[in-house]
K.L.:
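Sending over a structure as structure tokens; questions will come in a sec.
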There are 2 protein chains.
Amino acid sequence: MATSPAIHTIPNTIDRDSFEPAYSQLANILKAQIAAGAFRPGDQLPSEAQLCRTFGVSPMTVRRSINLLADQDVVSTAQGKGTFVRRVQFGAAAFDLRELQSLLRNDATTIKLLDARIVTANQRVAGKLDIAVGRSAIYIRRLLSVEHQPAFYHREYLVYDPRRPIVESEMEVSSLSGLFSGSGSAIVKRADLTICATLMNEEESQVLKTQLPAAALLLEHIFYDFDDRPISWGWFIANSERLHFSTTVGIQD
Amino acid sequence: MATSPAIHTIPNTIDRDSFEPAYSQLANILKAQIAAGAFRPGDQLPSEAQLCRTFGVSPMTVRRSINLLADQDVVSTAQGKGTFVRRVQFGAAAFDLRELQSLLRNDATTIKLLDARIVTANQRVAGKLDIAVGRSAIYIRRLLSVEHQPAFYHREYLVYDPRRPIVESEMEVSSLSGLFSGSGSAIVKRADLTICATLMNEEESQVLKTQLPAAALLLEHIFYDFDDRPISWGWFIANSERLHFSTTVGIQD
DNA sequence: TAGTGGTCTAGACCACTTA
DNA sequence: AAGTGGTCTAGACCACTAG
């Protein structure tokens, strides 16, 4: 039987001298047993009281382990019924931007400021930034290259309000790196992000040095301040060969 | 001052008669205070001991509240230093497939089986399914329509192994709904997923009734069984107007 | 040394499910 | 009534940070 060897390498006791906390050890033991097939999707796990006795830990510690697995969508709990191994759920899959973040932190990545100027907001820009048509905005175009190859084309409109002089200086007009590295501005409360596929237009293909027709991922972002007013609206156009997102859903070892 | 009214509507005590648990109430109080600007990114929150005194709850309850906020990337904790409000982090953004999942559960969505037949695996298919070239596989083509409009074109190869007869019956060849609704197969241990942008080819544009050139989101998936062997390999082609993913990062009310 | 977060205990009481 | 998960207490001890 294929799974037998794996089962026998799973520890079944908590090592109190380990660096790893007991709740984490227990969660990993249970997950390894599930991964090895000892508990199949739909199966009920031992009750919390039983796990307390088996592993010699307190109820709170067992609960924390179970909660960890529940957060990872490995198990589901039902009051009065028990804890059960979950089936794989497509909808639980989540693609995150950490890859993108690490790419921008990479030394091989350079950011070139193509353009930065004051413009008057047209209907579209004014709508996104929640300002009046004809008001001023800062328009920025950047090209991000990885190993001297054009990878992302970024365009952004920033509100330009004499009463909010802080915006320009805080939003790191020339670098972008702050938003990705976590040292982002303290004036940003939240960002709304959208991702979709699009066809590149003439300008985009020239900047990114691709042949038309070309497909691209478009990542749109709007940043808001602590008064819930938009600060900036912008979007990345990514060469489709340069950017794809991967993830795993289900039981991971 | 714009934030004053908001601050005054934030409760500052735990309601012990509420249905909402104390830890959740406390987390929401702190988050509302942060959202209202009472604590800004970089600011230190009151210590856990202080929060215990202020709100009259035990240390474990305070910890649970803080952990909730830390899981949401609202705060970060540093042993020996304190708890601090985080800046918005681009990289923390995660796009999930719940929209897609609910779409497939929708009554207005229909799945049409275009084709299902046994084929012999070529190099590419054999590589993905980790079988020998020339072995049999099941090839399936499906069209998913939303309100009678073609939306997603799905193609999939399933391993066809006499020794694993369970695969075909378990993988819900004719419906697909299981994988999305959570009632998916119990033989699936995990799935690897990738998303990227692509240009539609002739066949795809005909099935989806679009004009060329057209951009599309491509969602590729490989399912594995509990012996870590591939069960199926397939991909969705989504009309780019039909599918986009949205998310919010930072402080959400 | 004082203050911080991190872990853990050994119970208690409650809500819910099943029989 | 018995068993399940869900919340909460009132501490304890530890590891880490800072003055």
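Chain identifiers are assigned alphabetically (A, B, ...) following the order of the sequence lines, protein sequences preceding nucleic acid strands; residue numbering begins at 1 within each chain.
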K.L.:
Kindly say if A:Arg64 contacts the phosphate of C:dT7, meaning a side-chain N or O under 4.0 Å from OP1 or OP2.
P.N.:
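Answer yes for this pair, as a side-chain N or O of A:Arg64 is under 4.0 Å from OP1 or OP2.
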K.L.:
Just N and O in the side chain of A:Tyr23: are any of them under 4.0 Å from OP1 or OP2 of C:dT7?
P.N.:
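Result: yes.
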K.L.:
From C-beta outward on B:Ser58, which listed nucleotide comes closest to its side chain: C:dG11, D:dT7, D:dC8?
P.N.:
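Of all the options, the side chain of B:Ser58 is nearest to D:dC8.
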K.L.:
One thing to verify: whether B:Lys189 and B:Asp227 come together as a salt bridge, which I'm taking to mean a side-chain N less than 4.0 angstrom from a carboxylate O.
P.N.:
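Result for this pair is no, no salt bridge flagged.
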K.L.:
Quick check on salt bridge (charged side-chain N to carboxylate O under 4.0 Å, His left out): which of B:Arg87, B:Arg86, B:Lys31 does B:Asp73 satisfy it with?
P.N.:
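Among the candidates, only B:Arg86 passes.
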K.L.:
Once you round to the nearest 0.5 Å, how far does CZ of A:Arg142 lie from CZ of A:Phe236?
P.N.:
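The CZ atom of A:Phe236 is 7.5 Å from CZ of A:Arg142, to the nearest 0.5 Å.
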K.L.:
side-chain contact (heavy atoms from CB on, under 4.5 Å) for A:Ser232 and A:His221? Distances and angles first, verdict last.
P.N.:
CA-CA 8 Å; A:Ser232 88; A:His221 57 80; 4.3 Å; yes
K.L.:
Verify the contact: side-chain N or O of B:Arg16 to OP1 or OP2 of C:dC13, cut-off strictly under 4.0 Å; return yes or no.
P.N.:
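B:Arg16 to C:dC13 OP1/OP2: no side-chain N or O under 4.0 Å.
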K.L.:
Round to the nearest Å and state the distance from A:Arg53 atom CZ to C:dA10 atom P.
P.N.:
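Atom CZ in A:Arg53 sits about 15 Å away from atom P in C:dA10.
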K.L.:
Would you mind reporting whether A:Ile111 and A:His154 have side-chain heavy atoms less than 4.5 Å apart?
P.N.:
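They are not in contact (no side-chain heavy atoms under 4.5 Å apart), so the answer is no.
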K.L.:
So, is B:Ser47 close to the C:dT4 phosphate, meaning a side-chain N or O under 4.0 Å from OP1 or OP2?
P.N.:
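For C:dT4, OP1 or OP2 has a side-chain N or O of B:Ser47 closer than 4.0 Å.
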K.L.:
Check the distance between C:dC8's C1' and A:Ile66's CD1 and give it to me in whole angstrom.
P.N.:
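Those two atoms, CD1 and C1', are 17 Å apart.
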K.L.:
Within the structure, does a side-chain N or O atom of A:Thr61 lie under 4.0 Å from either OP1 or OP2 of C:dT7?
P.N.:
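No, no such contact exists.
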K.L.:
As a test of reading the structure: which of C:dT17, D:dG5, D:dA18 is closest to the side chain of A:Gln79, going by heavy atoms?
P.N.:
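It is D:dG5.
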K.L.:
Between D:dG11 atom P and A:Met60 atom CE, what is the distance in whole Å?
P.N.:
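Those two atoms, CE and P, are 16 Å apart.
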K.L.:
Where the side chain of A:Thr83 is defined as all heavy atoms beyond and including C-beta, which of D:dG5, C:dC8, C:dG5 is the nearest nucleotide?
P.N.:
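Looking only at side-chain atoms, A:Thr83 lies closest to D:dG5.
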K.L.:
Between C:dC8, D:dC8, D:dG5, which one does the side chain of A:Glu48 approach most closely?
P.N.:
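Per side-chain heavy atoms of A:Glu48, the pick is D:dG5.
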K.L.:
With both distances under 3.5 Å as the test, what is the Watson-Crick or G-U wobble partner of D:dT17?
P.N.:
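Here D:dT17 is engaged in a pair, and the nucleotide opposite it is C:dA2.
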K.L.:
Once you round it to whole Å, what is the distance between C1' of C:dG5 and CG of B:Leu51?
P.N.:
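Whole-Å distance recorded here is 12 Å.
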